[in-house]
Participant: 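Got a structure for you, questions after.
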Amino acid sequence: MNQAILFNDDISYQQGELTFTAMASGQLIRCKIATKLGQEAAIAHFAQHQFDYEMQAEQLIEDEAFNEAGEISLAFL
């Protein structure tokens with residue numbers, strides 16, 4: 001795991017989208033996951049797969065795969 005990327009414990013759900021943030025080189029990066037699950041199920045799903053989502057986000061950040069808003073979009077697992 002890249003020591004320069006730190007994941008915050010701030011998962012949230014809004015309008016079919018899970019979001020959490022990461023810090024990389026002093027920059028706050030919003031990571032988002034589109035889902036069709038409801039809020040409770042989506043947050044439970046994230047808790048179950050958090051490590052996998054963080055690994056996916058880490059790779060996308062290292063690859064500089066940011067969208068036009070400077071965010072990272074992750075695939076739903």
Side-chain angles (χ1 to χ4, degrees):
M1 192 144 179
N2 187 330
Q3 296 295 321
I5 300 173
L6 302 173
F7 292 95
N8 300 312
D9 193 22
D10 62 350
I11 187 71
S12 65
Y13 176 91
Q14 189 173 23
Q15 299 175 344
E17 191 172 84
L18 285 166
T19 60
F20 62 98
T21 59
M23 290 290 295
S25 302
Q27 178 184 7
L28 186 65
I29 300 168
R30 184 171 177 243
C31 304
K32 59 184 188 172
I33 308 160
T35 179
K36 294 182 180 185
L37 299 175
Q39 181 174 356
E40 267 187 54
I43 290 173
H45 169 82
F46 179 83
Q48 204 169 31
H49 301 282
Q50 184 171 353
F51 181 76
D52 297 321
Y53 281 120
E54 289 177 355
M55 292 298 291
Q56 186 182 155
E58 180 180 318
Q59 187 61 54
L60 291 169
I61 291 168
E62 288 175 355
D63 293 345
E64 298 183 13
F66 301 100
N67 65 18
E68 58 279 346
E71 303 168 328
I72 297 291
S73 295
L74 288 81
F76 184 80
L77 301 175

Participant: Taking the side chain as C-beta and beyond, is there a heavy-atom pair between Y13 and T35 under 4.5 Å?
Facilitator: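 Yes, close enough: below the 4.5 Å cut-off.
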Participant: Distance check, rounded to the nearest 0.5 Å: S12 atom OG versus Q39 atom CD?
Facilitator: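 Answer rounded to 0.5 Å: 9.0 Å.
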Participant: Indicate yes or no for a side-chain donor-acceptor contact from Q56 to the backbone of A75 under 3.5 Å, with no hydrogens or angles considered.
Facilitator: yes
Participant: Is the CG atom of D9 crowded by more than 12 outside heavy atoms at less than 6.0 Å?
Facilitator: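 No - once you tally the heavy atoms of other residues, nucleotides and ligands closer than 6.0 Å, there are 12 at most.
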Participant: So, do L28 and N8 sit near enough that their side-chain heavy atoms are less than 4.5 Å apart?
Facilitator: yes
Participant: Could you tell me the separation between the CD atom of E58 and the CG atom of D63, rounded to the nearest 0.5 Å?
Facilitator: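 Here the interatomic distance stands at 10.5 Å.
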Participant: Quick one: closest heavy-atom pair of I61 and A24, and the distance?
Facilitator: CG2-CB, 4.1 Å
Participant: Atom CD of Q50 and atom CZ of F20: how far apart are they, to the nearest 0.5 Å?
Facilitator: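 It comes to 8.0 Å.
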Participant: Parallel, tilted or perpendicular: which one describes the rings of Y53 and F46, with boundaries at 30° and 60°?
Facilitator: parallel
Participant: Roughly how far, to the nearest 0.5 Å, is CD of E54 from CD1 of I5?
Facilitator: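 One finds 10.5 Å between CD1 of I5 and CD of E54.
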Participant: What closest approach, in Å, do L18 and A42 show between heavy atoms, and which atom pair accounts for it?
Facilitator: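 Where L18 meets A42 most closely, the heavy atoms are CD1-O, 3.5 Å.
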Participant: Distance from M55 atom CE to L60 atom CG, nearest 0.5 Å?
Facilitator: 11.5 Å
Participant: Check for a donor-acceptor pair, side chain of H49 on one end and backbone N or O of F76 on the other, with a separation under 3.5 Å.
Facilitator: no
Participant: To the nearest 0.5 Å, tell me how far I33 CD1 sits from S73 OG.
Facilitator: 10.0 Å
